[in-house]
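In what follows, chains carry the letters A, B, and so on, assigned in the order in which the sequence lines appear, proteins first and then strands, with residues in each chain numbered from 1. As the structure is a prediction and not an experimental result, all values here were calculated from the model.
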Amino acid sequence: MRRWFRALLVLALAAPFLAACDGSAKPPSHLSRGPGKPACGDTLVEGTIGEPSNLIPILASDSASFDVAALVYNGLLKYDKNMNLVGDLAQSWEVSPDGLVITFHLRRGVKWHDGGDFTSRDVLYTYRVTIDPKTPTAYAEDFKQIKKAETPDPHTFRVTYGRPFAPALASWGMPILPAHLLEGKDITKSPLSRNPVGTGPYRFKEWIAGQKVVLESFHTYFEGRPFIDRYVYRIIPDPSTMYMELKAGGLDMMSLTPVQYKRQTETPEFTSRFNKYRYPSSTYVYLGYNLRNPLFTDKRVRRAITSAISKDEIIQGALLGMGQAAHGPYKPGAWQYNSTVKDFGFNPEKARTLLAEAGWKRGSDGMLVKDGRPFRFTVLTNQGNEQRLKTAQIIQQRLKKIGIDVKIRVLEWSSFITHFIDKRNFEAVILAWTITQDPDIYDVWHSTKTGPKELNFINFRNAEVDRLLEEGRRTFDREKRKKCYYRIQEILVEEQPYTFLYVPDALPVVSARFRGIEPAPAGISYNFIRWYVPKEEQVYK
Amino acid sequence: MITYLAKRILMLIPLLFGITLITFAVIHLAPGEPVDMQISMSPKVSAEARQRIREFYGLDKPLHVQYVQWLGRMARLDFGRSFAPDNRPVTDKIAERIPITLSLNIVALILEFGLALPIGILAAVRRDTLLDKGITVFVFVGFAVPTFWLALLLMYFFGVKLGWLPISGIHSLGSDRLGPAAWFLDMMKHLVLPIGVMTFGSLAGLSRYMRSSMLEVIRQDYITTARAKGLPERTVILRHALRNALLPVITFLGFSLPGLIGGSVIFETIFAIPGMGQLFYQGVMMRDYPLIMGILVIGAFLTLIGNLLADICYSIADPRIRHGRT
C-alpha cells in the first residue's frame, strides 16, 4: 500500500499555498533565467514510456497509472517534501493511546470534480471496496488489519484495528474514490477507470488510447488553483524517440537515462533550455541468494561474495555514477536508515580468507573446489533492464577473480516469476524492491512469508528479525520504532541474505521555462501545483 | 461456381476451429500468467491477493474448461474482456487501434506498389545497364538497413536538426482545434517518416519480383512479333508485356490482405504510433489471453478470407479450377 505514496508525493503541496494567479507568490531565486512572475496558463507535456492501465488506482499496479492518479485524487494523509506524514483530505487525526483507534477529521468544503461533496461516506466506501473479496486489487493487505470502520458524522472517520498497526497511518495515503459514482456498481466495469473523478488539483479531460492523457487544472481545488493549466502525458514507448522529442520541443519533462544525463545533455544549448535534477529514487537493486541452496547456507560464503564485489565499480559501470551504494533495505537519508551500518566494503583478500575458512580450496585451474565440486552458480535477472545485466556482468568478472564461476541468464519477466521465483528454482537473482516510505518490511523478511508465491522467496529465517518486525509494526512511537529497524539493518549486514547493491538516482529533466521547482528529499513533483511559467514565456495557449 | 464457393466457405469453419484450438494451446503453454505482471515486485502483494486476481480472471479453472468457455463466448461474437488491469472489452481495444494501422498499411501498400512496379519494369527493360545495377543496390540497401536505425537517423535529421517534420505520434498537441484541412495536413506531416521508412524497406521484394516477371515476358515470341510489326517500344512494353507480367503480381497483392491489420512493433514503438503491433506485443508480454486470442482470430479470419478471394479470382481467370479438374 505504501506504493501509493511514491505516486502521491506528486500531490504534496509546498508551504502554505496562499499564492494564486495574481503573482503574490514569492518566487524562488536559484534559477539562472531569473524567476519571472508567477502566472496561470501554459501546458506541461511529460513523456511516459508506458500507457496507464486503469485510472481507478486500487485496480492498477503500474507507475504510469499512479502518476496520473496522483494529480487526480487525494488520500487522507500524504508525505510532505521532507517525508513527514501530513493531512491531505484529513484536516487532522488522532491515534488512541493504545494505538488501536485512529480518528480522522476530514477537511470541510472539499468538492469532487463533478461537483459532489466529499464526505466520510467516500472514505468508508473506499475502505469497503478495497477489502471486498470480489475486487481484484493487490492492496487489501493493510486494510485487512482493520476490525471496524465507522462514520460518526460526514466529517469524521474512525477505524479500529485488532492490534496496534504502525503502517496504518501511511496506508491512509491511498486515493479516496467517489462513493456517489461507484457505490452499488461493479467497480471492475466502471467507466471511471478511463474517466476518473477525484478531488485532486487536476481533473481528467481526455485519454486517447496509445497517444496521450490530458488533465486540466481544477480551479476550485482546496489548496488553490494550480498555475499550470494543463498536464499532458504523451505516451512514447521508445526512450531514444522520447529524448529527440524533448530536444525538438515536443516534450517538457521526462526521465533521463544515466547515459543521457551524463554524456548527451552537457551542451550549453541543452542546459540553457532545460534544468536537470538528480536525487535517489525509491528502489534498491540487490543480489539475492537462495538460502535453501547448500552453496549459500554458510554466512561466511555470502559475506565473502559481498566483499569480492565492488559496489562503486558497479555504480560507475552500470549507472555512470548515477546512484549510491546500498547497505540495507532503506533509502539513505530516511529516518529509518541506519547510517552507521555499512557492510565490509570491497576486499577480495578478505573474501578469499572467508571462503577458505568455509572449506573452499583453490583447484589447479584457480577455481574454488569443495568436496570435489566446483563453486559455480547462475545469476538470473529479468529481460529489458540493461543496468541489471551490466551489474551481473561486473559481478561475474569480480567473482571469477576469487575463483567462483558465475553464469548469467536473462529471462522474460513473466516466466522468470512463475518458473523460477515462485518455484524457488534459482541459485541467485538480481532484482529490485520498491522502497516504501513506511519502514515495515514484514512481507519480505519475516519467516512466515516463505510460503509458495510469498515474497520472502530466498527463505530468510531469523528469529530476532521476526521479533523485531512484529514489534516494529506494533509501535507508533517513532524513536522506539527506529530502534527495531536499526537493529534489523545490523542483522542484515551481518547475515548478508542479499548483497545490497545500489539505489539508482532518479534523473528528471524539465524545460527551463517552468519555475518554482524546489528539489527536496521527496523529489521535485511534490509541489507541482506551485510550478509556473511567466506569462511572456508561455508556449501553449 | 456456386457449389465450388459453398464448398470453399464450408471449409473455413473447421479451419477456423483448428486455428483457435492451436493458438489457445500455444498461448497457455507459454510460462507465466497475467497475474505476474500486475503484482510485479511490490513488497505489498500477498499470496492471497494473487489468488483473488486469478479467480477474478477464471484462471483457477482447468484449461479445457477455459477453452470451452472461451469458445462459447466466441460463438456469440463476444471476445471477452482484457486481462490487463483496465478490464475493457477486447473489441474496444482492437477497434480503437485498427483504423490507424489499417490506413497506414494501405497508404504504404499503395506507395509500395506505385514505386516498386515502375522500378521493376525499368530495371527489366534496361537490364544489366548501370541503371539496373543502381536500382538493385538501392532497393537492397532499403531491404538490408535496420529500419529502426534508419528511422532514428531520419528523425534526428528532419525532426531535431532541421525541424521540418514532427518526430513521433500522429497528431500535434492542440491539433483538435485546427480546421479539417489543417488537421489532415498535420497528420500527413506526422506520417511522412513512418510511411517513407516502411515503404523503402519493402521495395526490394516486389520490385525484384516485377523485374523477373517482366524479363520472362519480354523473352516471349509475341513481344518479338510486336516489335517486328514496328510498334513503338513504349507500346510494346506497357501494352503488351506489362499486362501479362502483372498477373503474378496481382496474386502477390492478394496475399498482402491479412498483413494489413498487423502492425510492426518496432515501427510503432519508435514512432509512438498506437497501432495493432504494440497492442499485440503488450498483450503477449502480460499474457493477456483474451486480447491475444481476439487479435489472432481476427487475423486468421482475414487470412482465410484473403485466400478465399484469391481462389475466387483464380477461378474467374481460369475455368479449369472452377469446374474441378475437367
How long is the gap from [atom1] on [X] to [atom2] on [Y], to the nearest 0.5 Å?
X: B:I167; Y: A:D238; atom1: CD1; atom2: CG; value: 11.5 Å
X: B:R88; Y: A:R194; atom1: CZ; atom2: CZ; value: 3.5 Å
X: A:M244; Y: B:K161; atom1: CE; atom2: NZ; value: 12.5 Å

Show your working on side-chain contact (heavy atoms from CB on, under 4.5 Å) between B:R81 and A:T188 and close with a plain yes or no.
CA-CA 10 Å; B:R81 281 173 176 269; A:T188 62; over 6 Å; no

Based on non-hydrogen pairs under 4.5 Å, which of B:L279, B:I273, B:I100, B:I270 is most in contact with chain A?
B:I270

What part of [X] is in contact with chain B, defined as an atom under 4.5 angstrom from a non-hydrogen atom: side chain, backbone, both or neither?
X: A:T135; value: both
X: A:Y540; value: side chain
X: A:V45; value: side chain
X: A:K134; value: backbone

Residues A:R234 and B:S168: side-chain donor-acceptor under 3.5 angstrom
yes

Neighbour count >12 (heavy atoms, 6.0 Å) for atom [atom1], [X]:
X: B:L111; atom1: CG; answer: yes
X: B:Y67; atom1: OH; answer: yes
X: B:R73; atom1: CZ; answer: yes
X: A:F270; atom1: CZ; answer: yes

Among A:I49, A:I208, A:I236, A:I56, who wins on heavy-atom pairs under 4.5 Å with chain B?
A:I236

Select, from A:P237, A:A209, A:P52, the one with the greatest count of heavy-atom pairs under 4.5 Å involving chain B.
A:P237

For chain A, find its close neighbours in residues 150-160 of chain B: heavy-atom separation under 4.5 Å, sorted by number, or none.
B:L152, B:M155, B:Y156, B:G159, B:V160

Do B:R97 and A:E51 meet the salt-bridge criterion of a basic N to acidic O distance under 4.0 Å?
yes

Contact class of B:Q282 relative to chain A, heavy atoms under 4.5 angstrom
neither

